[in-house]
Protein chains: 2
Amino acid sequence: MATGRNHRPATSRSRGIPEATVARLPLYLRALTALSERSVPTVSSEELAAAAGVNSAKLRKDFSYLGSYGTRGVGYDVEYLVYQISRELGLTQDWPVVIVGIGNLGAALANYGGFASRGFRVAALIDADPTLAGRTVAGIEVEHADGLEQIIADNGVSIGVIATPAGSAQQVCDRLVAAGVTSILNFAPTVLSVPEGVDVRKVDLSIELQILAFHEQRKAGEEAPEEEETAPPAAPPAAAVTKKRSEPGPDGDVPAVMPA
Amino acid sequence: MATGRNHRPATSRSRGIPEATVARLPLYLRALTALSERSVPTVSSEELAAAAGVNSAKLRKDFSYLGSYGTRGVGYDVEYLVYQISRELGLTQDWPVVIVGIGNLGAALANYGGFASRGFRVAALIDADPTLAGRTVAGIEVEHADGLEQIIADNGVSIGVIATPAGSAQQVCDRLVAAGVTSILNFAPTVLSVPEGVDVRKVDLSIELQILAFHEQRKAGEEAPEEEETAPPAAPPAAAVTKKRSEPGPDGDVPAVMPA
DNA sequence: CCAGCTTTGTGCACGCGTTCACAAAGGCAT
DNA sequence: ATGCCTTTGTGAACGCGTGCACAAAGCTGG
Ligand SMILES: NC(=O)c1ccc[n+]([C@@H]2O[C@H](COP(=O)([O-])OP(=O)(O)OC[C@H]3O[C@@H](n4cnc5c(N)ncnc54)[C@H](O)[C@@H]3O)[C@@H](O)[C@H]2O)c1
Ligand SMILES: NC(=O)c1ccc[n+]([C@@H]2O[C@H](COP(=O)([O-])OP(=O)(O)OC[C@H]3O[C@@H](n4cnc5c(N)ncnc54)[C@H](O)[C@@H]3O)[C@@H](O)[C@H]2O)c1
């Protein structure tokens, strides 16, 4: 069950743009769109980099992968760059998206206006709960999970969003993939196993918070060096160790780090 | 207005764990917790790596930064590792968190059970809307944004979640930071500018979708090599360009890629 | 037409992260 | 007690990503 085999399948780099650059293009696009709305005709790499929160050299190198549509001494034409990046990201076409799992999060996503703004269209909302089916969320009728495959096929959906509980995520994922979905955005806290050629990106709130907590603890530990961080307390892991095996000695004791 | 200066301020590496490793620790922890609930006493790096979806050598190296609590020929003690990672991530203590912006998303977050499960506690919900103040969401009373500073101080909050519209995010961020918050999880689609020492992590749905769209387009382009990807059609960008300015010439025409 | 200024595009070096491969370590069976 | 087998911990190589620094390019003013 869920062997967890994902090799980061080739991703891009087929004949061009590095993955790190692809991840920044939406950032540039957003900044450029804002400039466009303010009718700014051109921007320098320095200005745009500041707006996107990146290094200007990095930005220039990123754009060079697209073919570099800049003018030396002047900068980049905003409108033209907006179009070029949009085209590169595939936003000039319409991407129908299904959301599976219309609970707290799924409903919020359905109500989110940020979808339609950039080429994404919520084609269907799907949930396994029979009492939800037929209800309308964000002006779209929730359909029962039984018709998942048909919905995917009818709408030519290739991008799916999973917002079900973790326990159902792999199963939903399998059905989506079998029905033809090749890109998945996963909000459930699970590692999804997918065949090669299917892209999975995850959004995981818990992980983000835990990373923040780590740094937070680090900061606190640096401020107050004599706290309880460095000092190895004899306090055992509470109810952590259920069946204490043949522990060589250190329980909450000295870390016993003995480099070879 | 949002000069966008963020240098990736030192982050970790102060005296140890690489950032990439920190980002994976929550993943390991989740897999280990699942094993713990099934009363599995030990795991090999191979098994655990599979469950977490990573390379086993990477996992072993990651654990080596923690001090390597494994037994050769056997593997790692699940319970002990759960405790060690939890301690390293700072999850053995309680982190009060405030959520600012109780709209669609903020309410979903407040209702999310995944917070309390791992040391995080929603200390307060804050919104600027007077009609929301006093209402109860997820059993917690929404407080007005006027009291933000007081709430932060009273609860000793150091982690803040921003779920307001993009336009308010920087302003909310500034107030949070001024009030003492040093870690921010931002859901608004904006680049936040913060002073050094403050960590910001962002969750951006639009960016994730756009990255997926890029790969999706790439896949489609590879399948049908004679489509409209490589061939530069004379078709204009449809409704993409709102106000067509003094375009230098190429509209949907030949890309004019002229390498130096 | 030329000089000077601005800004791009990129060669290069460096550091981080990933992965392979293997020696050392420890348990277990005999 | 000894040898075998499993698995860890890590040295080393490699590749990607980042940022510096600069030459080339293009605009503008004279
Ligand atoms: N709410 C949040 O803020 C938040 C934050 C981070 C992560 N998450 C994760 O997102 C997921 C959804 O969270 P939520 O709070 O919306 O949960 P929820 O319980 O409110 O909603 C889950 C929905 O999925 C539906 N569902 C269950 N099994 C299904 C299936 N097999 N097919 C189709 N639909 C199915 C349920 O009927 C329910 O409507 C969870 O995995 C949660 O861990 C939520
Ligand atoms: N809904 C989603 O699924 C989703 C997905 C991705 C990103 N986002 C982003 O998350 C943010 C919130 O989305 P949403 O759908 O919940 O929007 P929303 O409009 O439903 O909620 C925003 C809330 O923020 C409050 N607010 C506004 N200014 C404030 C301020 N200065 N201080 C405190 N509170 C303030 C508003 O009163 C409102 O209740 C937006 O930036 C959106 O782009 C939302």
Side-chain angles (χ1 to χ4, degrees), chain A residues 6-8 10-14 16-25 27-28 41-50 52-78 80-81 84 245-249 255-260, chain B residues 5-14 16-25 27-28 41-50 52-78 80-81 84 246 248 256-260:
Chain A
N6 48 353
H7 287 286
R8 181 87 30 126
T11 48
S12 71
R13 195 168 44 271
S14 300
I17 307 177
E19 189 60 25
T21 295
V22 173
R24 280 188 294 268
L25 289 181
L27 227 52
Y28 302 145
T42 59
V43 263
S44 68
S45 63
E46 205 71 53
E47 293 170 313
L48 186 55
V54 301
N55 182 292
S56 67
K58 196 188 299 185
L59 178 143
R60 288 198 298 276
K61 186 154 290 188
D62 283 343
F63 285 175
S64 79
Y65 292 116
L66 307 184
S68 292
Y69 308 98
T71 306
R72 295 171 189 231
V74 177
Y76 298 90
D77 185 289
V78 172
Y80 193 52
L81 208 43
Q84 289 299 341
R245 290 175 45 79
S246 65
E247 293 253 351
V257 182
M258 193 178 300
Chain B
R5 182 192 325 173
N6 47 354
H7 285 286
R8 182 92 25 131
T11 47
S12 70
R13 192 167 48 271
S14 300
I17 305 177
E19 189 59 26
T21 296
V22 173
R24 282 188 292 268
L25 290 182
L27 227 52
Y28 301 146
T42 58
V43 265
S44 69
S45 63
E46 205 70 51
E47 293 170 312
L48 186 54
V54 302
N55 183 293
S56 68
K58 195 189 298 184
L59 177 142
R60 287 198 299 274
K61 186 152 288 189
D62 283 343
F63 285 175
S64 79
Y65 292 115
L66 307 185
S68 291
Y69 308 98
T71 308
R72 296 172 186 229
V74 176
Y76 298 90
D77 184 290
V78 171
Y80 193 53
L81 208 43
Q84 290 299 341
S246 64
V257 181
M258 193 178 301

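Given the structure is predicted, the values throughout are model-derived calculations rather than measurements. Only heavy atoms go into these numbers, but all of them, side chains included; no hydrogens, no water, no symmetry mates. Lettering follows sequence order; numbering is per chain, from 1.
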Looking at Arg60(A), does any N or O in its side chain come under 4.0 Å of the phosphate oxygens OP1/OP2 on dC20(D)?
no
Side chain of Ser64(B) only, heavy atoms from C-beta on: which candidate in dG17(C), dG17(D), dT10(D) is closest?
dT10(D)
Separation of dT18(C) C1' from Tyr65(B) OH (nearest whole Å):
10 Å
Test side-chain contact (heavy atoms from CB on, under 4.5 Å) on Ser56(A) and Arg60(A) and set out the steps.
CA-CA 6 Å; Ser56(A) 67; Arg60(A) 288 198 298 276; 3.5 Å; yes
dG9(D) P sits how many Å from Leu66(B) CG, rounded?
10 Å
Between dT18(D), dG26(D), dG17(C), which nucleotide gets closest to the side-chain atoms of Thr71(A)?
dG26(D)
Given atom CG of Asp62(A) and atom P of dT8(C), what is their separation to the nearest angstrom?
14 Å
Is the phosphate of dG9(D) approached by Tyr76(B) (side-chain N or O, under 4.0 Å from OP1 or OP2)?
yes
Taking C-beta and beyond as the side chain, do Leu25(B) and Leu66(B) meet within less than 4.5 Å on heavy atoms?
yes
Check whether any side-chain N or O of Ser45(A) sits under 4.0 Å from OP1 or OP2 of dT8(C), and answer yes or no.
yes
Give a yes or no on whether a donor-acceptor pair under 3.5 Å exists between the nucleobase atoms of dT19(C), that is its base, and the side chain of Lys61(B).
yes
Whole angstrom value for the distance that separates P of dT10(C) from CG of Leu59(A):
14 Å
Would you indicate, yes or no, if dC20(D) has its OP1 or OP2 atom less than 4.0 angstrom from a side-chain nitrogen or oxygen of Asn55(A)?
yes
Taking for each residue the nucleotide of DNA chain D with the nearest heavy atom, is it Val74(A) or Gly75(B) whose nucleotide lies nearer the 5' end?
Gly75(B)
Expressed as a whole number of angstroms, how long is the span from Glu47(B):CD to dT6(D):C1'?
12 Å
Spacing of Lys58(A) atom NZ relative to dT7(C) atom P, expressed in whole Å
21 Å
Nearest-Å distance for atom pair CD/C1', residues Glu46(B) and dT19(C)
13 Å
Side chain of Arg72(B), base of dT7(D): donor and acceptor closer than 3.5 Å?
no
Does a side-chain N or O of Ser44(A) approach OP1 or OP2 of dT7(C) to a distance below 4.0 Å, or not?
no
Residues Leu59(A) and Ser45(A): closest non-hydrogen pair is CD2-CB, 3.7 Å
Ignoring the backbone of Ala57(A), work out which of dT18(C), dG17(D), dA21(D) is nearest its side chain.
dA21(D)
Of all heavy-atom pairs between Tyr76(A) and Tyr69(A), which one has the smallest distance, and what is that distance?
CD2-O, 3.4 Å
